[in-house]
Each structure stands twice: as C-alpha cells, then as structure tokens.
Amino acid sequence: MSLNRLLRTAPDEKVLQFLDPKVLELCRLVQPELLEGDKLRDVVARLLNTDTVVNDPGLRELVVELLPDNKYAELISRLELSRNSPLEVVRQEIQTNSGRRRLKSFLGVDPDASLPTSDSLDSGCVSASYALFNHQRRLGQKAWETLTRRPYKVLLHLPTGGGKTRTSMHLVCQQLRESEPSVVVWLANSRELLDQAADEFQRAWGALGNRKLNLIRMWGDYQPDPLELQDGILIASLQKLHFFKDRDIKAFLRLAERASLTVIDEAHIALAPTYRAVLTGLSDKCVSNRLMGLTATPGRTWADIDQDQQLADLFEREKVMLEVDGYIDPVSYLIDSGYLARPKFRLLNTSPGLTLSDSDRAALSTQLEVPESVLVKLGEDPARNLRILQEAEELLSRHKRVLIFCPSVLSAQSVAALLEMRGHVAACITGETPDSERRKAITRFRANAPEPMALCNYGVLTTGFDAPTTSAALIARPTLSLVLYSQMVGRATRGVKAGGNAEAEIVTVVDPELPGFGKIEEAFRNWEDVWHGTTT
C-alpha cells in the first residue's frame, strides 16, 4: 500500500499530524486553504517521502494506526508476526531494523533500491576531448613542476568556476601515465564532490589515458576492499577511509605504500584531526609520495590565523595560483574573459525575529561557524521563511534556474513545497533525501527545460554541484565562513565560456542579530600573507 494512497483515504485531522507544527504555521500564514482536502494531501506528499516516514518513530506508528483492517493484516504477515499479535507488538517490531525494512517494502519501496550495482563499479573507457583553457594549462604546468620536486606537495588555488577539478585531473592522469603501475587516492568529504570526481576521471582518462585502469568508489553504500587496487584510482570519502584506517592500520599502511599521489578536494577541511591523520598517513608513508590539495579559498576560517597557518604548513607553503598580468586578482580576469559570470550582490534584510539566548551568543563569540541551534531557530521562523518564499518568487520571474540555500532541513522542505503549491517548479534536497530522489531533482534542475525552477537545499549543494545555467542564488543560510559563503556564491557564477551566464544575481539574507558577508571581491587574496609568511 503506497503512502500516497494511505494519505488519500485518511481524514484531514490525521493527515495534519504528518506535518511539522512549524510547517503548519507557515502554511496558515501563506495560504491557509492548503490545509484541507486534496491540497492538504498534496502538501504532505511533497514534504514527505517513504524513507522519511519509515525513519521517524512517530510517523511509523501513525501509518500503522491509519491502515484499514485488510492492510493491517497484510502488514502483520509481512512482519512475520502471529495473526493475533496486539498493536503494541506490531509497534515494537517496526522499531527494529528488519521491521523498518519490511514496512518500507509494504509501502511499495524496495529497501535495497539505493544500493549500487556491480556494473557501476566499472571504470569504463570514454573517448572524449578533454582540453584546458589557456589559463588552466599554465596553472597545471606550474602545479606539476611544484609537485614533482621536494617536498612533493602543492596546493592548487583557483577560484570557484575556474576549473580546479578539470585542471587537477590532467595532473592525475599525468601521474598515472608516468608511474606504472600506480595508485592515486582522491579524497573528499561530500557525496556530490565524490560523484563529480568519479565522473570527471572517467572523462579525463578516456581522453588522456594510455591503458585501462580500475576505478574504485568508496563512499555511501559502496563497500570495496581498497587493497584490491593495484593500478588505478581510489575515490573515497574521508570518513570511510578514516574508518578503514582505524579498523586495520596495517592494511591502511599497505595502501599508503601504493599511493604515489594523494589528492584532497576542498583542502581547507584537512585540519580536522581525523582527516589530517588520514592525509598525512597516505602522503608521508614514502618519501616520494605526492600530495595535492585543491581549493578556491586557501584558508580554513575567516579570522583564525593560527589554523590558516597550519594549513599552509601542511602543504609546506607550496601553493600555485592563477596570476594574470594586468589584474590584481584572477577573479576579475575570469569575469572579464567570460569564464565567470559577473555577480550582482544584493542584501535582503529580515525583521529581527530571532531572539538569541545567552548560550547562543556565547557560541557565536567562540565558535568558527553559526551554531546548529541558531540555524534551527532561523529555519523555524515563519516570517523569515515567508520572506524567503517571496524573494524566491521574485527571482523566478526573471531567472530560469534559482538555487536557494536554506538554514535548515525544515526551511528547505517548507519553501520548496509552498513554491510548488503556488504554481512554480521547485524541488528540495537535503542530507535526508534518498539517492534516487536526489538524482531526479538534480537532473531536472540541470535539464534545459523552458520552465523556471528553484532548487532548495540545506547543507549538500555547496560543493561538487555544477549546473552552469544557474543564474541566481538566494543565500538564506548565515555563515561565519568566507569559504562556505564563497562556495555558495560560486554555484551561480559559471560564465558564458563555461556554458553559463554573463551575469548572476546573488541575494544574501541579512539577519540583524548575526554577522555575515555581502560580497567577496577580496576573498581570493585574503590568506596571501599567511602563505607567504608575512603575518605577525
């Protein structure tokens, strides 16, 4: 029995229980007629999916409560319980892992649908052109010269949208060609970056390779044995490789002996203790092992100079960056040349609806990022979400693709659902979104359909997401990190030469109680003094 079918037969007062109270409040504020009849069920269907319901204890029990007698009997059979089992036994069973899987199957979803197939593990050989722009070629040559001399380390510094991944894949392919057999380990900390790296390597090696190689994926549901790789590339999440290291240090060291080159994407994350241990373990095992970091902003924070210096020390201050005669910074060159869109920054002020507690204020003064508790409060504020909704509708009136960065899962889900209910094309992606739905939403957003579309997200599309036709970003997620802010801006600034737009509109929501950024003109050179050792 599908979840949608169950919702269609349930009374309104029960369907309302599927909605978060904050979503109800926002709906009543924006469009109260959505909370009855078929419109109510459409709102719930857009906000919820079977995975979300099955993973929530309260919603699981509500599903069981709403089942008609014949379907309740079918569920008991699926759970392999006695026909006369009391309701309390059924409730206890669906709290177990096996019970949740059977409930998911009962609701019409294959519990194993998101698991990868063995076919997806094949490296493949793709014949395609893989040329670099002139500025990428010059930067790649400088990086290779630095990487192949002591201390065999380099940080590749190129603005978001400048082609870090494509440029670095040329270097990866060069390493694999010149050292045969060889193993390259590519590390990142998000599914989007890892997917992007795997796709990009297949394109790169198809054009630049000299033999068939193995590509092993190690993130999410992929569970390979890294030691099976003798010649090729391992693309792995830092979390998975950290677990592999802790589980079997000897096996990890054997992998390190084979790793002629280790690449870390978004290198500013490398100072986290667990990640740094993985990185140094791979790159320092043999004297000749090489280490390459990739970043658009070579500092970890906005104001913590000690951590910025630690990052510079990790790469022994060996950094190459795009430098163009006649330009103070490469961002201006890339904009003038059409590789990046010219951003137009605008601030969206909100009313002071957020009341910070003493603990919130203390956290803001001592932490390097806006605390999760503050983000949650922002995401629950109906007036703020209404302001985001109104601005999103304004942007959709003049842009085909609008990316919205929300402060919480609740906010992202609510804004997307209400945009849909008000006649717009919208979707939502968060860390809780199942893989199949995530791929569907991203494919739809990237497609060249004529209808304007908004993609709301929380915490997942700041890196590794490339939709060049995106021409507007609504940044409603406050941050103390110039790195994160730059990444969000960069999702909408692909230029004409990169398949994007001549201009991009960047709207940043300003909360009176919180610090933040409004533009990033000077971001690229913010850490130059650290890398050149001129700090005091």
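One is the number of the first residue; the rest follow in order along the sequence.
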Just by distance, with hydrogens left out, do Ser260 and Gln175 show a side-chain donor and acceptor under 3.5 Å apart? yes
Residue pair Tyr152 / Glu316, side-chain donor-acceptor N/O under 3.5 Å: no
Hey, could you give me the [atom1]/[atom2] distance between [X] and [Y], rounded to the nearest 0.5 Å?
X      : Y      : atom1 : atom2 : value
Lys319 : Thr295 : NZ    : OG1   : 9.5 Å
Leu155 : Met292 : CG    : CE    : 10.0 Å
Lys104 : Leu107 : NZ    : CG    : 10.0 Å
Tyr339 : Lys497 : OH    : NZ    : 4.0 Å
Ile235 : Leu241 : CD1   : CG    : 12.5 Å
Arg217 : Ile233 : CZ    : CD1   : 10.5 Å

For [Y], does its backbone N or O pair with a side-chain atom of [X] as donor and acceptor, under 3.5 Å?
X      : Y      : answer
Asn189 : Ser237 : no
Arg401 : Ala447 : yes
Gln136 : Phe133 : yes
Lys240 : Gly220 : yes
Arg138 : Val324 : no
Thr146 : Lys142 : yes
Thr443 : Lys440 : no
Arg491 : Gln487 : yes
Thr167 : Lys164 : no

Residues Arg317 and Asp313 bridged, charged N to O under 4.0 Å: yes
One thing to verify: whether Arg91 and Glu61 come together as a salt bridge, which I'm taking to mean a side-chain N less than 4.0 angstrom from a carboxylate O. yes
Looking only at non-hydrogen atoms, find the nearest pair between [X] and [Y] and report the distance.
X      : Y      : value
Ala143 : Leu171 : CB-CD1, 3.7 Å
Glu318 : Pro151 : OE2-CD, 3.8 Å
Asp231 : Pro181 : OD1-CA, 3.4 Å
Met218 : Pro226 : SD-CG, 3.6 Å
Leu334 : Pro159 : CD1-CG, 3.9 Å
Leu261 : Leu291 : CD1-N, 4.3 Å

Assess Lys153 against Phe315: is NZ or CZ under 6.0 Å from the centre of the six-membered ring, and within 45 degrees of the ring's axis? no
Side-chain contact test, heavy atoms from C-beta onward, threshold under 4.5 Å: evaluate it for [X] versus [Y] and give yes or no.
X      : Y      : answer
Ser408 : Leu375 : no
Ser98  : Glu93  : yes
Thr262 : Ile264 : no
Tyr130 : Arg166 : yes
Trp186 : Met169 : yes
Arg290 : Thr148 : yes
Leu132 : His170 : yes
Arg211 : Trp205 : yes

Carefully, step by step, assess Phe106 and Leu79 under the rule side chain to side chain contact (heavy atoms under 4.5 Å, CB included). CA-CA 9 Å; Phe106 171 75; Leu79 295 173; over 6 Å; no
Could you walk me through whether Leu282 and Asn289 satisfy the side chain to side chain contact (heavy atoms under 4.5 Å, CB included) test, starting with their C-alpha distance in whole Å, then the side-chain angles of each, then the deciding distance to 0.1 Å, before giving a yes or no? CA-CA 8 Å; Leu282 289 171; Asn289 283 8; 5.9 Å; no
Trace of the side chain to side chain contact (heavy atoms under 4.5 Å, CB included) decision for Leu474 with Phe405: CA-CA 6 Å; Leu474 175 52; Phe405 296 94; over 6 Å; no
Go through it in stages, so that I can follow the logic: the residues are Lys377 and Glu380, the test is salt bridge (Lys or Arg N to Asp or Glu O under 4.0 Å), and I'd like the CA-CA distance, side-chain angles, deciding distance and then a yes or no. CA-CA 5 Å; Lys377 289 178 183 178; Glu380 293 176 346; over 6 Å; no
Can you list the steps and then say if Asp195 with Trp219 is a side chain to side chain contact (heavy atoms under 4.5 Å, CB included)? CA-CA 9 Å; Asp195 284 336; Trp219 70 88; 3.1 Å; yes
Using residues 245-258 as the side-chain source, report each donor-acceptor pair under 3.5 Å to any protein atom, sequence neighbours left out, with the distance given to one decimal.
from, atom 1, to, atom 2, distance (Å)
Asp246, OD2, His242, NE2, 3.2
Asp248, OD1, Lys250, N, 3.4
Asp248, OD1, Ala251, N, 3.1
Glu257, OE2, Lys285, NZ, 3.3
Arg258, NH1, Leu227, O, 2.7
Arg258, NH1, Leu229, O, 3.0

